[in-house]
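In what follows, a single structure is set out as structure tokens and then discussed.
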Amino acid sequence: MAPGYKFFIQTYGCQMNVYDSAVISTLMEQAGFQPVKTEEEADILIYNTCAVREHAENRAMGRILSAKGRYPLRKIVVVGCMAERRKSELKEKYGIKYVFGPREYKNIPGVLINQEAHYINLNYDDILPEQEGVSAYVSVMRGCNRFCTYCIVPYVRKEEVCRQPENIIDEVKKLIKDGIKEVILLGQNVNRYKYRDINFPELLKWVAEETDIKRLNFLTSHPADISSELFEVMVGHNNITKFIHLPVQSGSDKILNKMNRGYTVRDYKNIVKFARGLIPEITITTDVIVGFPGETDEDFQKTLDFIKEIEFDYAFMFKYSPRKGTLSALFDETITEREKKERLSKLIELQNKITYKKNERLIGRERKILVLGTAKRDGVMGKDATGKLVVFKGDSKRGSFVKINITGITGWTPVGKVVKSVNREM
Ligand code: 5AD
Ligand code: SF4
């Protein structure tokens, strides 16, 4: 296979995978391959997969096997976390020749043109992937050393490797030149970032001060590694979005302990108290898992009470999915699927009410919005300075800033009317 052939990438899973697909695409283009937007047009089909829950794996596997049946003569390339976890099965059982884990992407173009795979345990510091639009991701670290007992990530993305701050700054500057207005720094647990003597709050401060980025944020934070310094940097910089995604996973200390999370419910509440004390308008979102082994009705009630008390702006809620190879897959006292489903719907029902109530409080308020693009149903969609999505009517340009008056809620989303366009962010 020679360069000049067309490739298509389908991405599943988290923001890191979205970023990695941009890395792979850039590597492929540098080697002379041409990106296309559909499977039909492509000679090479790349599937960037997720392994966090069984459902995510099943979806990707279904699509890969159906593509294999439909396009027997095309090259099928499987990458990402499932590729790492099920490498031998993909190769031996399903006959897929090209399988690359998250650390092997530099090998993809070379192997496709029949060279040896010669990169191992690489980092991607020298790759500044092309990204289009208003918003872009920049990875600051890869891997995870935390080993929460339910999580496959440390096994498939391996140990933490932090990126040079100078490379990060270069990438943000390049993105700004390309028209990007919002950058989201990515890491499985950004609070463990450390390069030379630079920690994450220092890195964040550096990016906020050394570049002209209009909006800056980061994903994901871990309650056991977060410090007050982070919030102090956030409050001190107008271009940092007042938003934090801080997964709690459970409202029961017993379950948090079994998950090996490294904090208690009380620790978590103290972080929220501190954050809201310093930044009253801060948007806080979370992740919650229901039906972890050993989660009794009482433990689940603690999670409900906790969610009620904290009032998250939004929560991503999941049924526990045992992942082979993780410690919790060996735990007994498993919860039935029916019970998990019931708990999940109860939790979603509660959080939906809270999300609505919190968004309702915005009615009558003015917000400065970064316009992201057209909304799903009707109108324009944008993000305020606390990371909240807002929909409004008008023909505002992508990447521009407008002042909006919030007039109501549709579904759970705040909707508004344009007050005026603003050329400059605060
Ligand atoms: N089962 C269910 N949810 C999981 N997550 C991670 N691993 C699992 C699992 N085995 C959830 C956590 C994490 C989010 C990205 O996915 O809530 O924060
Ligand atoms: Fe998984 Fe825990 Fe690492 Fe997050 S911190 S990626 S949940 S092991």
Side-chain angles (χ1 to χ4, degrees), residues 12-20 49-59 80-82 84-86 102 137 139-162 184 186-194 200 218-226 244-252 255-263 267-268 271 284-295 300 303 306-307 312 314-331 334-337 339-341 343-344 347-348 351:
Y12 294 93
C14 66
Q15 291 88 353
M16 194 62 94
N17 267 12
V18 174
Y19 180 80
D20 281 349
T49 61
C50 172
V52 160
R53 281 170 293 276
E54 195 186 348
H55 178 67
E57 282 203 359
N58 290 345
R59 267 182 64 213
C81 295
M82 185 184 77
E84 181 67 36
R85 199 178 85 80
R86 295 169 71 172
Y137 298 120
S139 154
V140 302
M141 62 191 291
R142 291 174 171 278
C144 182
N145 294 357
R146 268 237 157 245
F147 289 93
C148 301
T149 54
Y150 52 81
C151 186
I152 195 73
V153 169
Y155 302 92
V156 289
R157 288 198 170 263
K158 316 277 181 213
E159 72 276 4
E160 289 165 4
V161 183
C162 295
I184 298 164
L186 291 183
Q188 244 66 49
N189 172 6
V190 289
N191 312 97
R192 279 178 63 104
Y193 177 88
K194 187 96 185 164
F200 186 69
F218 50 88
L219 284 171
T220 290
S221 292
H222 192 295
D225 297 310
I226 207 160
I244 192 151
H245 180 60
L246 193 63
V248 66
Q249 313 298 2
S250 169
S252 151
I255 298 298
L256 288 177
N257 192 32
K258 283 187 82 180
M259 288 176 164
N260 187 30
R261 289 291 287 175
Y263 55 86
D267 297 333
Y268 191 99
I271 299 168
I284 306 180
T285 60
T286 202
D287 291 345
V288 184
I289 298 175
V290 299
F292 190 78
E295 185 188 70
F300 177 61
T303 297
F306 176 82
I307 293 289
F312 290 102
Y314 189 76
F316 298 86
M317 296 160 277
F318 311 104
K319 281 183 294 176
Y320 168 69
S321 168
R323 310 311 292 137
K324 208 172 153 208
T326 64
L327 201 59
S328 71
L330 305 172
F331 292 174
T334 54
I335 310 298
T336 62
E337 190 56 29
E339 188 62 43
K340 285 189 209 169
K341 255 191 199 146
R343 288 183 187 174
L344 184 65
L347 185 64
I348 291 175
Q351 181 56 46

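Whatever order the structure lists them in is the order used to number ligands and atoms, beginning at 1.
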Considering the heavy atoms of [X], write down every atom of ligand 1 situated less than 4.0 Å from one of them.
X: Gln249; answer: 12 (C), 13 (C), 17 (O), 18 (O)
X: Tyr320; answer: 1 (N), 2 (C)
X: Ile289; answer: 3 (N), 4 (C), 5 (N), 12 (C), 17 (O)
X: Phe318; answer: 3 (N), 11 (C), 14 (C), 16 (O), 17 (O)

At a 4.0 Å threshold, what atoms of ligand 2 neighbour a non-hydrogen atom of [X]?
X: His222; value: 5 (S)
X: Val153; value: 6 (S)
X: Gln188; value: 6 (S)
X: Arg261; value: 2 (Fe), 7 (S)
X: Cys151; value: 1 (Fe), 6 (S), 7 (S), 8 (S)
X: Pro154; value: 8 (S)
X: Phe147; value: 8 (S)

Is [X] touching ligand 2 with its side chain, its backbone, both, or neither, if touching means heavy atoms under 4.0 Å apart?
X: Asn189; answer: neither
X: Pro247; answer: neither
X: Tyr150; answer: side chain

Please report which non-hydrogen protein atom sits nearest to [atom], along with the residue it belongs to and the distance in Å to one decimal place.
atom: atom 2 (Fe) of ligand 2; answer: Cys148 SG, 2.3 Å
atom: atom 2 (C) of ligand 1; answer: Lys319 O, 3.3 Å
atom: atom 7 (N) of ligand 1; answer: Tyr150 CD1, 3.3 Å
atom: atom 6 (C) of ligand 1; answer: Val52 CG1, 3.4 Å
atom: atom 15 (C) of ligand 1; answer: Asp287 OD2, 3.8 Å

Worksheet item: Taking the six-membered ring for Trp, are Phe292 and Tyr150 parallel (under 30°), tilted (30 to 60°) or perpendicular (over 60°)?
Response: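 Geometry flag for Tyr150 against Phe292: perpendicular rings.
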Exercise: identify the closest heavy-atom pair between [X] and [Y]:
X: Pro102; Y: Gly80; result: CD-O, 3.7 Å
X: His222; Y: Asn189; result: CB-OD1, 3.2 Å
X: Asp225; Y: Asn191; result: O-CB, 3.4 Å

Practice prompt. For the pair Glu337 and Lys319, find out whether any cationic side-chain nitrogen is under 4.0 Å from an anionic carboxylate oxygen.
Written response: yes
Would you compute the distance between atom [atom1] of [X] and atom [atom2] of [Y] and round it to the nearest 0.5 angstrom?
X: Cys144; Y: Arg192; atom1: SG; atom2: CZ; result: 7.5 Å
X: Phe300; Y: Leu344; atom1: CZ; atom2: CG; result: 8.0 Å
X: Asn257; Y: Tyr263; atom1: CG; atom2: OH; result: 11.5 Å
X: Glu57; Y: Cys50; atom1: CD; atom2: SG; result: 8.0 Å

Discussion item. For ligand 1 and Ser321, I'd like to know whether there is a polar contact (N/O to N/O, distance under 3.5 Å).
Written reply: yes
Fill in: N or O contact, Arg53 vs ligand 1, cut-off under 3.5 Å
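There is such a contact, yes.
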Worksheet entry | Atom NZ of Lys194 with >12 non-hydrogen neighbours under 6.0 angstrom | yes
Worksheet item: Considering residues, nucleotides and ligands other than Arg146, do more than 12 of their heavy atoms fall under 6.0 Å from its CZ?
Response: yes
Practice prompt. Determine, step by step, whether Arg261 and Asp267 satisfy the salt bridge (charged side-chain N to carboxylate O under 4.0 Å, His left out) criterion, reporting the C-alpha distance in whole Å, the side-chain angles of both residues, the deciding distance to 0.1 Å, and the verdict.
Written response: CA-CA 11 Å; Arg261 289 291 287 175; Asp267 297 333; over 6 Å; no
Discussion item. Walk me through whether Val140 and Cys162 qualify under side chain to side chain contact (heavy atoms under 4.5 Å, CB included).
Written reply: CA-CA 6 Å; Val140 302; Cys162 295; over 6 Å; no
Worksheet entry | Presence of N, O or S from Cys144 under 2.8 Å of atom 3 (Fe) of ligand 2 | yes
